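Take a look at the structure below.
Computed from a predicted structure; not experimentally measured. Letters A, B, ... are given to chains in the order of the sequence lines, protein chains preceding strands, and every chain is numbered from 1.
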Amino acid sequence: MREVLTICFALILLVPALLSGVNFEPQGFVDTYHATRLNDPYDFLSSRTRLRLEMWMSGEDASLFAAMNAINNNVITSNSGIELREAYLDYIADEWDLRIGMQIIIWGKADGLAITDIVSPWDYTEFLARDFDDIRLPVDAVRWRLLFDNANLEFLMIPIFRPAVLPLPGTPWAFKYKFPGNVEVEFDNPILPDLLLENSEIGGKLSFYLPGIDFAISSFYTWDDYPTMHRTISIVGDTLSVHYHPEHHRLTFIGAEFSNPWEDFVLRGEAAFYTNRYFDPENLTDTALFKKNSLNWMIGLDWTPGNDWMLTAQFVDNFILDYDKAIKGDKHTMLATLHISKNLFRQTLELSMMGYYGINDEDYFVRSSMNYALTDELHLLLGIDAFLGDDGMMGQYDDNDELWIKAKYSF
Amino acid sequence: MTKKGFVLLCLVFLFETIAYIEPVYAQSAELTGRDIMLKVHDRPDGDDQKGVMQMTLINKRGKMRKRTVLFLSKDYGKDSKSITYFQSPADVKGTGFLSWEYDDPSKDDDRWLYLPALKKTRRISGSSKNDYFMGTDFTYDDLGDRSVDEDNHELLKEEDIDGIMCWVVESRPKNKDDMYSKVIRWIQQDALIPIKVEFYDKQDNLLKILIVSDIRKQDGFWTAFKMEMDNIREKHKTILEIKEIHYDIGLKDNLFRVSTLERGKIK
């Protein structure tokens, strides 16, 4: 049904455009990506091909943008099909603009990290082993911006909540929960907020673009993209049964960010204060969750030393305020990232390495890749993803080291 | 990509500096090399401009790659603002750059890069002056707003090239870290446009030759519509062509904002 609606939508877009003579600019790409595990059984961890079709139509002050994906996924077959990626209307006045519809909204200054960037949820279907632009999900939103010479004041309203997508059970990227042998576990489907106007997410952001520095403050009355894992416990004999009842809760967020260039460097930073976030107890038999405020912050540095080198380093700390030792997890959860890239042969070959290091669990994820532009339109890519660690978000994929190839033709 | 942004905006400047509205006649006997380079640097141009430029890269096997950019710029006294978008190739279409450039050398320019795939605007820094831009044969420094007093200039002679009277000026950098030992320019006297430039490496060997052609008036301004940079050492060539340009069209100030950049295109 969704596919039929999408095709109808596309026709609705195309026909008037072709008849009315407004500017109509189709573009897009085809890419195919295949990854095989580097350990026994050497199975395919990913195998997918996609057609992306984008259309942009413009009139005098208004325009329309739509993007669709047609996907064939051989490993996660439920992801095959046709999907609407984005579809929104723009109206542009001299001192304000308005965007209504399904759109991806990116906040923040960090690369590949969500500190203040919490408007568009993340898609962890294949964890982080995808391009950054594929990991973000669109939201149905109204965005209204007041525009000044050196500043923007942005208001957001998202009437329909969209949660983050977690890896599906049974796929190579499913989360690996660790329970003792005498524990039985059951999961309910997450409880989502009802489709009511009062359950809308609303937010705002004031951004300044000044000589020598950008900075912004933001606030968002939202829903947690990740469900809180409420649970009930029962004990029968030696067996402990844990029944999880995931539920999304309201969250209030206040954020700040800055970016400051200096010679060949750019210093970037973000901080986000969350109120009343739920945290799990360490003890599995405890059913009462902890409700705490938290502060997440990031500092990063970009360096372009010349000769087509680019280096970026980031450090992140997620800090639970008024910490209780009974909380599962540490008071500080720290992460470091390093990205190095080098262009060769008149920028037809890019070598790149993006690494994440979980300081608490000492786990790693490193994506190394080569991107060769056979022509301007056709790029061939080859890469290796390496996971290492006994625990942690990245360490759980220790067996998912993979070799991948990708080809992308843009039109 | 950050480097690409910087250089694209420098490209806009380059074409600005080879546009001139009034012929200038001067007696070379009264001029020094620095005087001539100052005239080239300071000549007036329109208050704003909008155009489309194509870059063709040709390797030693004759294989061509093309990039097309839309550019807009506007003067604010001695400062200026520019915005540039890639129109092709398809993999970078919609990538945009915004720059606020200041005449005061002690003040760094402000630059932003918009990446449409990531829906994200990044603040970007300056880049290495000696890096080549987008695989072309132009370095940042070739294209940038180089201050006249960063080099020592010497007027070598006057020379007639195909009926065009030129001053021949040799410029040697004061900073020994520069990638060129010297640059020799043949500057067309009536239009103050360098029609030929030779670049020499640190060993004083000829590295590249730039030929500027198709010079004609557009909206009352002299404009060079074609520039061909021949990299002798690498047997690689880059041709820059202005496909369309208009001056003094009254561009609005609100075009040169980050919010405009983030829309991904300009009507």
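- Because its NZ or CZ atom is both nearer than 6.0 Å to the ring centre of B:Y132 and within 45° of the ring axis, A:R346 counts as a cation-pi partner of that residue.
- Taking the charged nitrogens against the carboxylate oxygens, A:R162 and A:D140 have no contact shorter than 4.0 Å, which rules out a salt bridge.
- At a threshold of 4.0 Å, the pair B:E198-B:K196 counts as salt-bridged, since one of the basic side-chain nitrogens sits closer than that to a carboxylate oxygen.
- In terms of heavy-atom pairs under 4.5 Å with chain B, the best-connected choice from A:T375, A:N260, A:L210, A:D90 is A:L210.
- When side chains are defined from C-beta on, B:K119 counts as touching B:Y114, because their heavy atoms get closer than 4.5 Å.
- In this pair, A:F208 and A:F215 present their aromatic rings parallel. The plane angle is below 30°, not in the 30 to 60° band.
- Proximity to chain A involves both the backbone and the side chain of B:D137, based on heavy atoms less than 4.5 angstrom apart.
- Between A:F265 and A:W303, the distance separating the two ring centers is shorter than 6.0 angstrom.
- Using a 4.5 Å cut-off between heavy atoms, A:D97 touches chain B through its side chain atoms alone.
- Ion pairing of B:D110 with B:R123 is present here, as a side-chain N (NZ or NE/NH1/NH2) and a carboxylate O approach within less than 4.0 Å.
- Looking at A:R145, only its side chain comes within 4.5 Å of chain B, counting heavy atoms on both sides.
- When each of A:S259, A:G212, A:S341 is checked for heavy-atom pairs under 4.5 Å with chain B, A:G212 comes out on top.
- Interface residue A:D214: backbone and side-chain heavy atoms are both found under 4.5 Å from chain B.
- Interface residue B:D91: backbone and side-chain heavy atoms are both found under 4.5 Å from chain A.
- Interface summary for chain A: among B:R263, B:R67, B:K63, B:K66, the most heavy-atom pairs under 4.5 angstrom belong to B:R263.
- Look at A:E54 and B:K93 and you find no salt bridge, because none of the NZ, NE, NH1 or NH2 atoms lies under 4.0 Å from a carboxylate O.
- Heavy-atom distances place the backbone of A:F148, and not its side chain, under 4.5 Å from chain B.
- Relative ring orientation between B:F86 and B:F97 is described as perpendicular, the plane-to-plane angle rising above 60° on a 0-90° scale split at 30° and 60°.
- Listed options A:I213, A:I105, A:D117 were ranked by heavy-atom pairs under 4.5 angstrom with chain B; first place goes to A:I213.
- For A:D94, the parts lying under 4.5 angstrom from a heavy atom of chain B are both the backbone and the side chain.
- With a 4.5 angstrom heavy-atom cutoff, A:Y209 touches chain B via backbone and side-chain atoms both.
- When the candidates B:H236, B:K252, B:E234, B:K107 are compared by the number of heavy-atom contacts under 4.5 Å with chain A, B:H236 comes out ahead.
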